[in-house]
Amino acid sequence: MKRFAVPAAVLALCGAAILSVLAQDKPAGGEAAAPAAAAASAPAEVICFESRKGATEITQREIKPGLPNVKCSPTTGAALWYADPYEGTVPMGKMPQMEAIPEGLAVVKPRSEKLNLLAQCGTACHNGTYPVGFPKTNRPVPIPTMEALLPDAKNLQHGRGRVWCLDCHHNTKRNMLVDHYGDPISIDQSQLLCGKCHGDKLRDWRDGIHGKRIGDFTSTGKKRWFTCTECHNPHNVQDGARNKGFIQLQPETPPQLPRGFKDAAFEKTHAIPQH
Amino acid sequence: MTTKENPPASAAQEAPASGDPSKAVLKRSRRDVLRSGGMLSMSSLMGTAALMAQPGEAKAAVEWAEHFQKNYRLMTPEEKAEARLRLEKRYSGEYNKKVSVDITEAQPGVLMGYALNIRKCIGCRRCVKACVEENNQSRGARPGERIEWIQVLRMERGEFTADKMNQGYPEGLGIQVGGNAYSPAGQVLEGQYQYTPEAVPEKDANYMPIACMQCEKPPCVKVCPVRTTYREADGPVVIDYNWCIGCKMCMGACPYWARRFNLTTPVLPKEDMNPVTHYLGNRPRMRGVVEKCHWCLQRTRHGRYPACVEVCPVGARKFGNLLDPESEVSKILARKNVFRLKAELNTFPKFFYFYD
Ligand code: SF4
Ligand code: SF4
């Protein structure tokens, strides 16, 4: 009985850490109490997400008077405009077949810093000695303890059941991904992992044909590269019935109705005057 | 009287028409001036000059000088610099922040090109709104006050079904003309701009964003009677707003529904105004002129991606230098399935649609 109690307590700790990472947009419990009074008068912090909800987020602030670092959509909360596309980025690091790109011209927004909060998870349970009851084979099964922490862990929609946790995550270094040789890959370099299977997409991504890129458009210019998991949710790539790689989003508002149009449905029966 | 003492009112608060005759004269557009013609207009302009001699009327003085400036293409570098200083002063006062008006010329060795992955677009319209934020379009609520350069067209998917494979038209007469005439096959071509689903992409729809194609042989340029719209050396077709007389000939000539007319004084809140502008690009426009996409000249002349490319969540939008074989668009042209819209019109767009 005692043997279970200790990991359970640690897991609970991990849970708290993960949840605090996930809930960064809201002030954490301890801080919330103190500035609660101030928050009533000061406007709430605006945080918008970049490509998809739950992935990279940016906090809005002023760089210069009247100039925000990012403009967020009032209807959907998406980032609509960047003052500085390189804000918070680090050099992407080595990529096979990209030796020609000088260091620092390809930058990414790191996620690993957030994950370092979870170091205790790796030392307690996930250090390679699995807790009792942990599956021994590679057959995907639901993991009840993790389900509470990661709601999408149970419903993995990737590779139609051929892929499970340890195909992507390193089995002892929990902050890392894993390559073909079992060596760890930084979580900021998800393309190295995804490219193991999706080679054609990796090639297009490397050439700037697939995926998002911001910054400088010249082929020799500095760019921020969006890595695979900033746009695709690796646990839910097939997004249910739609079976597509990008999750559904709330769209922005439609254009202004032309004069004489009663509502949006009116367009189906009457053509929009073109001029 | 009140207008003299207050700082220049923002466009948003400006009344559409004024009973004060002196103010009415100040607000005349170039079109009005041309319309009134001859001595009459000269005398009214002289009257305006006398009014504007008063100090503290920076905006009015600038407008006065603007009436007499040349077509942007005919200006000498000095005149361009003057025009730029004039505008910077005027906009900085009007919008209460430091506004820059760029006059950077086309960069040598650059021909801008655009590509859009039609299979990736999810119809989220973020590109549309980003364009409005970047390019200082009018965003009022009354009819004609909201201007968006990009349109996203939603197209329903049709169907091919096995059971209707040999169904013909007309049925029952023994004449077989061809399959599937009773239900839309493949793509339903009638598009919809006013779609409002809870979430995009929808299961049975495709999306097709349209904006100015920056044609190599632009019909809009051909028809412009005052030659205010023209093609720049690095590709984009631009407008010198000060010379636009608002005749809307270009709107009629453009086969892509790319141009918008400022029917009312543009509504541009001070706090939302983007202070980084270009003379031929996103500087604030006046009532009675036509405007359109110019591939964010204020950004792209300095190497940066257009705003719509930076916000597209799926990376469907690609931008690059067509003369550089290593650029994104060149790679797409070399490798993907590419088509141009209304290619049969020989406008030769530099905007390419592609799919994997
Ligand atoms: S798309 Fe229309 S506005 Fe743009 S260059 Fe062509 S004709 Fe002119
Ligand atoms: S932002 Fe991208 S995905 Fe969204 S409508 Fe525009 S092109 Fe399509």
Side-chain angles (χ1 to χ4, degrees), chain A residues 49-52 64-67 71 73 75-76 78-83 85 200 204-205 207-223 226 231 241-242 244-259 261 263-268 271-272 274-275, chain B residues 96-97 110 117 120 122-126 128-130 133-134 143-146 148 151 190 192-203 248 251-252 257 261 270-272 274-275 300 303-307 309-315 318-321 324 326-328 331-332 335-336 356:
Chain A
F49 61 95
E50 289 195 281
S51 59
R52 63 177 174 89
K64 277 189 259 168
L67 187 70
K71 289 185 187 169
S73 163
T75 45
T76 65
L80 279 192
W81 184 88
Y82 300 88
D200 56 334
D204 281 356
W205 178 83
D207 291 342
I209 298 181
H210 180 102
K212 178 172 172 175
R213 219 164 268 191
I214 65 180
D216 192 319
F217 77 80
T218 55
S219 60
T220 51
K222 179 177 170 182
K223 291 184 182 71
F226 279 68
C231 303
R242 248 182 9 91
K244 282 271 186 144
F246 200 86
I247 53 149
Q248 285 187 298
L249 291 173
Q250 187 195 347
E252 301 288 334
T253 48
Q256 193 169 34
L257 279 173
R259 259 174 228 257
F261 272 51
D263 50 29
F266 200 67
E267 188 187 344
K268 285 199 172 144
I272 284 190
Q274 296 273 312
H275 296 293
Chain B
N96 239 339
K97 55 174 108 173
V110 176
N117 193 334
K120 297 274 186 287
I122 59 169
C124 66
R125 295 201 189 98
R126 271 195 222 173
V128 179
K129 305 293 166 186
E133 295 293 339
E134 170 70 20
E145 274 183 351
R146 218 160 96 198
E148 286 170 357
Q151 301 276 334
E190 281 77 20
Q192 211 193 334
Y193 294 103
Q194 302 282 349
Y195 62 92
T196 48
E198 292 280 294
V200 288
E202 298 148 279
K203 198 171 184 325
K248 304 194 217 171
M251 293 175 72
W257 193 13
F261 184 64
K270 278 181 194 168
E271 63 278 10
D272 291 341
N274 176 13
T300 49
R304 192 162 161 198
Y305 279 115
V309 175
E310 285 194 351
V311 299
C312 178
V314 295
K318 299 290 168 194
F319 187 81
N321 182 2
D324 175 0
E326 288 302 308
S327 74
E328 289 161 13
K331 290 238 166 87
I332 286 164
R335 207 188 280 167
K336 300 289 178 185
D356 292 314

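Each chain gets a letter, A, B and so on, in the order the sequences are listed, and its residues count up from 1.
Looking at A/Lys212 and B/Cys312, their side chains never come closer than 4.5 Å, going by heavy atoms from C-beta outward. Residues A/Asp207 and B/Arg335 are in side-chain contact: their nearest non-hydrogen atoms beyond the backbone lie under 4.5 Å apart.
Within the 4.5 angstrom heavy-atom criterion, no atom of A/Lys64 approaches chain B. Only the backbone of A/Glu50 comes within less than 4.5 Å of a heavy atom of chain B; no side-chain atom from C-beta onward does. Contact annotation for A/Leu257: both backbone and side-chain heavy atoms come within less than 4.5 Å of a heavy atom of chain B. Using a 4.5 Å cut-off between heavy atoms, A/Thr253 touches chain B through backbone and side chain atoms alike. Both the backbone and the side chain of B/Pro197 have a heavy atom closer than 4.5 Å to some heavy atom of chain A. At a 4.5 Å heavy-atom cutoff, the contact between B/Asp324 and chain A is made by side-chain atoms alone.
Listed options B/Gly320, B/Cys124, B/Gly315, B/Gly303 were ranked by heavy-atom pairs under 4.5 angstrom with chain A; first place goes to B/Gly303. For the set A/Cys231, A/Gly221, A/Pro85, the entry with the most heavy-atom pairs within less than 4.5 Å of chain B is A/Pro85. With chain A as the partner, the residue from B/Gln151, B/Lys331, B/Lys97 showing the most heavy-atom pairs under 4.5 Å is B/Lys331. When each of A/Ala83, A/Ser73, A/Ser219, A/Gly215 is checked for heavy-atom pairs under 4.5 Å with chain B, A/Gly215 comes out on top. Counting heavy-atom pairs under 4.5 Å between each of B/Ser327, B/Ala130, B/Pro143 and chain A puts B/Pro143 at the top.
The neighbour count for B/Glu271 CD, taken as heavy atoms of other residues, nucleotides or ligands under 6.0 Å away, is above 12.
Using the six-membered ring where Trp is involved, B/Phe319 and A/Phe217 have ring planes that are perpendicular, over 60° apart on the 30 and 60° scheme.
Between the CD atom of B/Glu198 and the CD atom of A/Gln248 there is a distance of 10.0 Å, given to the nearest 0.5 Å. To the nearest 0.5 Å, the span separating CD on B/Glu328 from OG1 on A/Thr218 amounts to 10.0 Å. Between the CD atom in B/Glu148 and the CD atom in A/Glu252 there is a gap of 10.0 Å [rounded to 0.5 Å]. A distance of 4.5 Å separates NZ of A/Lys223 from OH of B/Tyr305, quoted to the nearest 0.5 Å. Here the CG-NZ distance, from B/Asp272 to A/Lys71, works out to 6.0 Å after rounding to the nearest 0.5 Å. Here the straight-line distance linking atom CZ of B/Arg125 with atom CD of A/Gln250 works out to 11.0 Å at 0.5 Å rounding.
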Salt bridge (charged side-chain N to carboxylate O under 4.0 Å, His left out) between A/Asp204 and B/Lys336: does it pass, once the steps are laid out? CA-CA 10 Å; A/Asp204 281 356; B/Lys336 300 289 178 185; 2.6 Å; yes

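Formation of a donor-acceptor pair under 3.5 Å by the B/Arg126 side chain with backbone atoms of A/Ser51 is found in this model.
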